[in-house]
Amino acid sequence: MSVGKSLAPQGPSPGVRPPSGAAGPVPGTTGAPARTALRAGGLLAAVLLLLAVLGLSIGVGARALSVGEVWHGLLDHTSPDYPVVHQMRLPRTLLGLVAGSALGLAGGVMQALTRNPLADPGLLGINAGASAAVVSAISLLGVATFDGYVWFALAGAALVSVLVYAVGGGRGATPGRLALAGAALNATLYSFVSAVMLLDTNSLERMRFWTVGSLAGARPDTVVAVLPFVGLGTLLALALARPLNALALGDQSARALGARPGTVRGAAMVAITLLCGAATAACGPIVFVGLLVPHLVRALTGPDLRWQLPYCAVLAPVLLLGADVLGRVLGRPGEVQVGVVTAVLGGPFFLFHARRAKVARL
């Protein structure tokens with residue numbers, strides 16, 4: 001028997017409990033519940049922040065309303081503020097809530113699906129595809145209602161999603177190639193939208209909305225009409241959280257965990273199309289919401305999409321409605337469109353992240 005072997009420290013036999021105070025708990029066995037509680041607490045705080053921004057969105061406008069005036073305007077039909085709240089402020093706020101959640105979820109799913117930290121419905125041209133399809137429908141077919149817009153927006157978003165993925169290299173796509181493919185399609189489609197606007201001056205006022213996103217024209221019927229599409233896309237996106245987690249490990253590992261990569265990718269594209277198409281049909285193309293929010297959330301939750309996507313659904317409306325309120329304050333007595341504000345906020349962040357991550361290298 002070797003002396004070195006006999007002197008080597010021996011671990012406790014299986015099933016034998018170490019004496020009290022002899023050793024601490026096994027690493028990782030007590031951290032998971034603490035992390036879960038912390039994430040749940042953070043999600044609750046995000047919901048409270050969203051409620052505060054919802055109230056701020058209703059209260060801020062051409063005439064500021066106090067908390068009491070907002071409350072009475074919501075509940076008391078005899079209040080002089082009731083028409084203002086229910087006909088203008090509340091539809092705008094609810095549309096920002098629905099569209100913001102849709103864009104945040106779409107950005108989170110896109111970044112997970114493409115493994116591209118710069119993936120965003122606006123940057124990759126998906127919103128531009130929806131806009132181009134709607135502008136074509138307005139100019140060529142005379143479509144003038146949301147019920148008509150939404151189907152063309154969904155078709156345009158789906159077509160551009162496939163084109164970006166194909167031009168970017170398919171399964172061999174890199175973040176840089178996807179960003180370049182999206183930028184090229186984005187520029188082409190917005191050039192097409194501008195050309196149609198110049199040629200069809202009679203529809204110029206209606207089509208101008210499709211170059212810069214806005215919540216100013218929100219109506220109750222638009223909010224109701226967009227809900228089924230965003231609701232279905234939201235349910236599908238949240239159901240894909242676990243399969244997308246598996247897909248992040250590679251196709252072979254995903255199959256070993258029971259996921260079907262082809263089905264997961266197809267379902268993710270359907271979810272992105274529903275969310276982006278509906279949001280763009282309702283409030284026009286809004287960029288950077290789907291880029292900024294997932295990055296912020298990932299720093300709070302880590303890469304687990306089971307937590308990341310709910311956070312995106314809650315915090316993206318905070319960003320969108322906050323930008324809308326900021327545009328109303330800065331543009332008084334008029335307002336700055338929310339699409340302009342998000343572009344101003346998101347542009348520097350995009351350049352900073354692209355430089356730091358060096359994703360421009362192909």
Side-chain angles (χ1 to χ4, degrees), residues 39 43 101-127 129-130 153-179 181-182 185 228-280 289-291 293-295 297-298 300-316 359:
R39 289 169 175 172
L43 188 58
S101 292
L103 293 173
L105 280 170
V109 172
M110 285 183 67
Q111 291 181 16
L113 179 65
T114 62
R115 302 178 194 175
N116 180 3
L118 300 182
D120 171 76
L123 293 177
L124 296 189
I126 296 175
N127 289 350
L154 292 173
L159 180 60
V160 173
S161 298
V162 174
L163 283 176
V164 168
Y165 192 65
V167 174
R171 291 189 179 184
T174 63
R177 290 182 65 178
L178 282 172
L185 286 171
F229 300 97
V230 174
L232 182 58
T234 298
L235 291 176
L236 185 55
L238 295 176
L240 288 170
R242 188 182 295 271
L244 285 171
N245 277 342
L247 202 62
L249 302 175
D251 286 7
Q252 291 184 354
S253 298
R255 291 190 186 96
L257 293 171
R260 298 179 179 179
T263 303
V264 173
R265 289 190 178 95
M269 294 304 296
V270 172
I272 292 168
T273 299
L274 286 170
L275 294 168
C276 294
T280 304
V289 174
L291 173 69
V293 175
H295 277 281
V297 167
R298 201 174 295 118
L300 299 173
T301 67
D304 189 350
L305 292 170
R306 293 173 298 176
W307 286 100
Q308 190 182 132
L309 293 182
Y311 266 85
C312 287
V314 174
L315 288 178
V359 296

Would you list the atom pairs, donor with acceptor, under 3.5 Å between side chains in residues 228-250 and any protein atom, with sequence neighbours excluded?
{"from": "Thr234", "atom 1": "OG1", "to": "Val230", "atom 2": "O", "distance (Å)": "2.7"}
{"from": "Asn245", "atom 1": "OD1", "to": "Leu305", "atom 2": "N", "distance (Å)": "3.1"}
{"from": "Asn245", "atom 1": "ND2", "to": "Asp304", "atom 2": "OD1", "distance (Å)": "2.8"}

From CE (Met110) to CE (Met269), nearest 0.5 Å: 7.5 Å
Criterion side chain to side chain contact (heavy atoms under 4.5 Å, CB included) on Arg306 and Thr301, from CA distance to verdict: CA-CA 9 Å; Arg306 293 173 298 176; Thr301 67; over 6 Å; no
Spatial distance of atom CZ (Arg260) from atom CG (Asp251) [nearest 0.5 Å]: 14.0 Å
Distance (rounded to the nearest 0.5 Å) between Leu159 CG and Leu154 CG: 12.5 Å
Nearest-0.5 Å distance that lies between atom CD1 in Ile272 and atom OG1 in Thr114: 8.0 Å
Nearest atoms (heavy-atom pairs only) where Pro261 meets Ala254: CG-CB, 4.4 Å
Residue pair Leu103, Asn127: steps toward the side chain to side chain contact (heavy atoms under 4.5 Å, CB included) verdict: CA-CA 10 Å; Leu103 293 173; Asn127 289 350; 4.3 Å; yes
Nearest heavy atoms of Pro294 and Gly104, plus distance in Å: CG-O, 4.2 Å
Asp120 side chain vs Gly107 backbone, donor-acceptor pair below 3.5 Å: no
Minimum heavy-atom distance between Leu275 and Ala106, given as atom pair plus value: CD1-N, 3.8 Å
Spacing of Leu43 atom CG and Trp307 atom CH2 [to the nearest 0.5 Å]: 6.5 Å
Atom pair SG/CZ of Cys312 and Arg298 - distance to nearest 0.5 Å: 8.0 Å
Ile126 to Cys276 - nearest heavy-atom pair and separation: CG2-CB, 3.8 Å
